[in-house]
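This report concerns only the one structure given below.
Lettering of chains follows the sequences in order, A, B, ..., and the numbering in each one begins at 1. What you see is a predicted model; the values in this text were computed from it and never measured. Atom set for the values below is all heavy atoms of this structure, side chains included, hydrogens, waters and symmetry mates excluded.
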Protein chains: 2
Amino acid sequence: MAEQRHLAALDRVLELVVLLNKDMTESLAKEGLTPSRTTLLWLLRSTGPSTQRALADGLGVSARTVTGLVDGLEATGFVTRRPHPTDRRALLVSFTERGAAVVAAMEQEQAGFADLLFGGMSEDRFECLHAGLGEIVDRLRAAGLTTTPGEEPS
Amino acid sequence: MAEQRHLAALDRVLELVVLLNKDMTESLAKEGLTPSRTTLLWLLRSTGPSTQRALADGLGVSARTVTGLVDGLEATGFVTRRPHPTDRRALLVSFTERGAAVVAAMEQEQAGFADLLFGGMSEDRFECLHAGLGEIVDRLRAAGLTTTPGEEPS
DNA sequence: AGCACATAGTGAGTGTGCGTCACGATCTCG
DNA sequence: CGAGATCGTGACGCACACTCACTATGTGCT
């Protein structure tokens, strides 16, 4: 019956999840970064200089948590806090030169990683895998899962 | 070029990782469990009553961490600590009735989840997805990643 | 203008997960 | 029997996430 094969496939997916988490966490630790801090950096890269509030919303995390993350990133020299030009309550978080360089390096690594996973894979296989992944991600979304889950229907 | 498509596929994989982590964490929290405690429960189910040392090795964490996890699971009534019959230093961790029932229920849920992901998927699509997942898991292993990473070549 | 209310960020305190180091109790082996 | 390994834990530190209380500020309404 299909049950068994589906469970086996789920096992592979879960194993993939574990493996990837491990790999990312470890390679990040080498640069003195933690997963959460890195996620913040990644978000900052795609938004440009932002207030902590904006980062909190983007990460789906409390404002207090962002304070702590930025504290750490500032102490290790990845980002700076500067006063917001028009809102004196707010702070703008921006990359330092070093922070920008590290994020750029991470993008490179990501490309290398993609190559490790898919490089030289047969066209058919890749196409089908890509489509299959798309389908299960869609199914999860349809089931109510979102990457940014903070949203409440008003 | 293939670069772009590989990156897109990696994105899907990473999204899948995030989505699954979220879903599992949330559904676990409902039963008063945390991810780490659940992992311990899961291991315990496949090994039967074990010493904390054995659990630490199986989970790839320190003995101290297991003490903490078992503290929590004992306080919430999922497992019990009992003296080891032959080694008076050691403690045997076993399920309570409730613990065993919850783990059994989780197995059921997992099957339902597999159905959500794969149920009714076309035979071709599923087969190819399964094979593709197997390939990238293998590649990760070949690159030196393991689920139980504590092992050192002597 | 003035006051009520919302918002930005932070201090304080809590819970969980993970680690190391030091330690007592115990096993094992020469 | 005594040296050394092993089992579990107390003490302590760090990362992360949360809530609550609070200050400083912005906004809007009358």
Here the gap from A:Met24 atom CE to A:Thr39 atom OG1, rounded to the nearest 0.5 Å, amounts to 10.5 Å
Spacing of [X] atom [atom1] relative to [N] atom [atom2], expressed in whole Å:
X: B:Lys22; N: D:dC16; atom1: NZ; atom2: P; result: 19 Å
X: A:Arg64; N: C:dG15; atom1: CZ; atom2: P; result: 17 Å
X: A:Leu55; N: C:dT7; atom1: CG; atom2: P; result: 18 Å
X: B:Glu74; N: C:dT16; atom1: CD; atom2: C1'; result: 17 Å
X: B:Asp71; N: D:dC7; atom1: CG; atom2: P; result: 18 Å
X: A:His84; N: D:dG26; atom1: NE2; atom2: C1'; result: 12 Å
X: A:Leu28; N: D:dA15; atom1: CG; atom2: P; result: 14 Å
X: A:Arg82; N: C:dG9; atom1: CZ; atom2: P; result: 14 Å

Under 4.0 angstrom between B:Thr67 side-chain N/O and D:dG8 OP1 or OP2 | no
Phosphate OP1/OP2 of D:dA17: any A:Ser36 side-chain N/O under 4.0 Å | yes
Closer to the 5' end of DNA chain D via nearest nucleotide, is it B:Ser50 or A:Arg88?
-> B:Ser50
Given that A:Leu69 and A:Asp87 both sit by DNA chain D, which one's nearest nucleotide is further toward the 5' end?
-> A:Leu69
Touch check for B:Ser62, heavy atoms < 4.0 angstrom, all strands: base, sugar-phosphate only, or nothing?
-> base
Counting any heavy atom closer than 4.0 Å, what does A:Thr86 reach on the DNA or RNA strands: base, sugar-phosphate only, or nothing?
-> sugar-phosphate
Answer yes or no: are there more than 12 heavy-atom neighbours, outside B:Arg82 itself, under 6.0 Å from its atom CZ?
-> no
Could you write out each protein N or O paired with an N or O of nucleotides 2-6 of chain D at a distance under 3.5 Å?
unit_1: D:dT6; atom_1: O2; unit_2: B:Arg89; atom_2: NH1; d: 2.6

Are [X] and [Y] packed together at the side-chain level, in the sense that at least one heavy-atom pair is separated by less than 4.5 angstrom?
X: B:Met106; Y: B:Arg45; value: no
X: A:Phe113; Y: B:His6; value: no
X: A:Leu129; Y: B:Leu129; value: yes

Considering only side-chain heavy atoms of B:Leu91, which listed nucleotide, D:dA15, D:dT9, C:dA8, is closest?
-> D:dT9
Name the one of B:Leu43, B:Leu40, B:Leu44 that satisfies side-chain contact (heavy atoms from CB on, under 4.5 Å) with B:Ser50?
-> B:Leu44
same_hphob_cluster(A:Leu7, B:Phe126) at 4.5 Å side-chain heavy-atom cutoff = no
